[in-house]
Asks: 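There's a structure below that I have some questions on.
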Amino acid sequence: EISVLGRLLIIGLWTIADRDGRLEDRPKRIKAEIIPYDDGDVDTLLGQLQDRGFILRYAVDGRRFIQIINFAKHQNPHVKEPASSIPPPA
């Protein structure tokens with residue numbers, strides 16, 4: 001039910017998220033890092049991923065973030081990787 005570009009996007013989000021599966025919700029930056037040469041509205045794709053339960057988009061103190069759902073369940077970060085500086089969703 002998710003387009004090919006949306007599927008590529010979720011894979012790419014896993015590569016740029018921090019050790020807790022969080023990242024800033026900045027669609028233009030995300031597009032530049034993951035799918036720079038593809039046509040597609042990353043903001044819309046992120047909305048679709050949220051609608052289907054892959055990510056959670058949230059805000060803290062006026063700043064927007066993304067939490068990848070079940071990230072910790074599937075990842076084993078390196079012990080020396082720094083802790084997340086992004087606040088968790090409420």
Asks: Could you check whether any side-chain N or O of Arg22 sits under 3.5 Å from a backbone N or O of Ile66, counting only pairs where one atom can act as donor and the other as acceptor?
Replies: no
Asks: Look at Arg63 together with Asp61 and state whether they make a salt bridge at an N to O cut-off of under 4.0 Å.
Replies: no
Asks: How would you list, by chain and number, every residue that makes a side chain to side chain contact (heavy atoms under 4.5 Å, CB included) with Asp51, sequence neighbours excluded?
Replies: none
Asks: Checking Arg57 against Gln50 for the side chain to side chain donor-acceptor pair (under 3.5 Å) test, could you report, in this order, the C-alpha distance in whole Å, the side-chain angles of both residues, the deciding distance, and whether it holds?
Replies: CA-CA 7 Å; Arg57 299 174 92 180; Gln50 176 169 271; 5.5 Å; no
Asks: Can you list the other members of the hydrophobic cluster that holds Val60, where links are side-chain heavy atoms under 4.5 angstrom apart?
Replies: Leu56, Tyr58, Phe65, Ile69, Ile86
Asks: Donor-acceptor pair, distance only, cut-off 3.5 Å: does the side chain of Arg19 make one with the backbone of Ala83?
Replies: no
Asks: Should Leu45 and Ser3 count as side-chain neighbours, where that means a heavy-atom distance under 4.5 Å?
Replies: yes
Asks: Tell me whether Asp18 contacts the main-chain N or O of Gly21 through its side chain, where contact means a donor paired with an acceptor under 3.5 Å.
Replies: yes
Asks: Please lay out, stage by stage, how Ile68 and Trp14 fare under the test side chain to side chain contact (heavy atoms under 4.5 Å, CB included).
Replies: CA-CA 8 Å; Ile68 300 174; Trp14 282 71; 3.7 Å; yes
Asks: Say you draw a straight line from CD of Glu24 to CD1 of Ile16; how long is it, rounded to the nearest 0.5 Å?
Replies: 10.0 Å
Asks: How far does CG of Asp25 sit from CG of Leu23, to the nearest 0.5 angstrom?
Replies: 7.5 Å
Asks: CG/Asp39 to CG/Asp41 distance, rounded to the nearest 0.5 angstrom?
Replies: 11.0 Å
Asks: Please list, one pair per line, the donor and acceptor atoms closer than 3.5 Å that link side chains of residues 27-34 to other protein atoms, with sequence neighbours excluded.
Replies:
residue : atom : partner : partner atom : Å
Lys31   : NZ   : Ile35   : O            : 3.1
Lys31   : NZ   : Asp38   : O            : 2.4

Asks: Quick one, Leu5 with Leu9, criterion side chain to side chain contact (heavy atoms under 4.5 Å, CB included). Give me CA distance, side-chain angles, the key distance, then yes/no.
Replies: CA-CA 6 Å; Leu5 205 53; Leu9 183 61; over 6 Å; no
Asks: Would a 4.5 Å heavy-atom cut-off, applied to side chains only, mark Ile2 and Phe54 as touching?
Replies: yes
Asks: How many angstroms lie between CD1 in Ile55 and CG in Asn70, if you round to the nearest 0.5 Å?
Replies: 13.0 Å
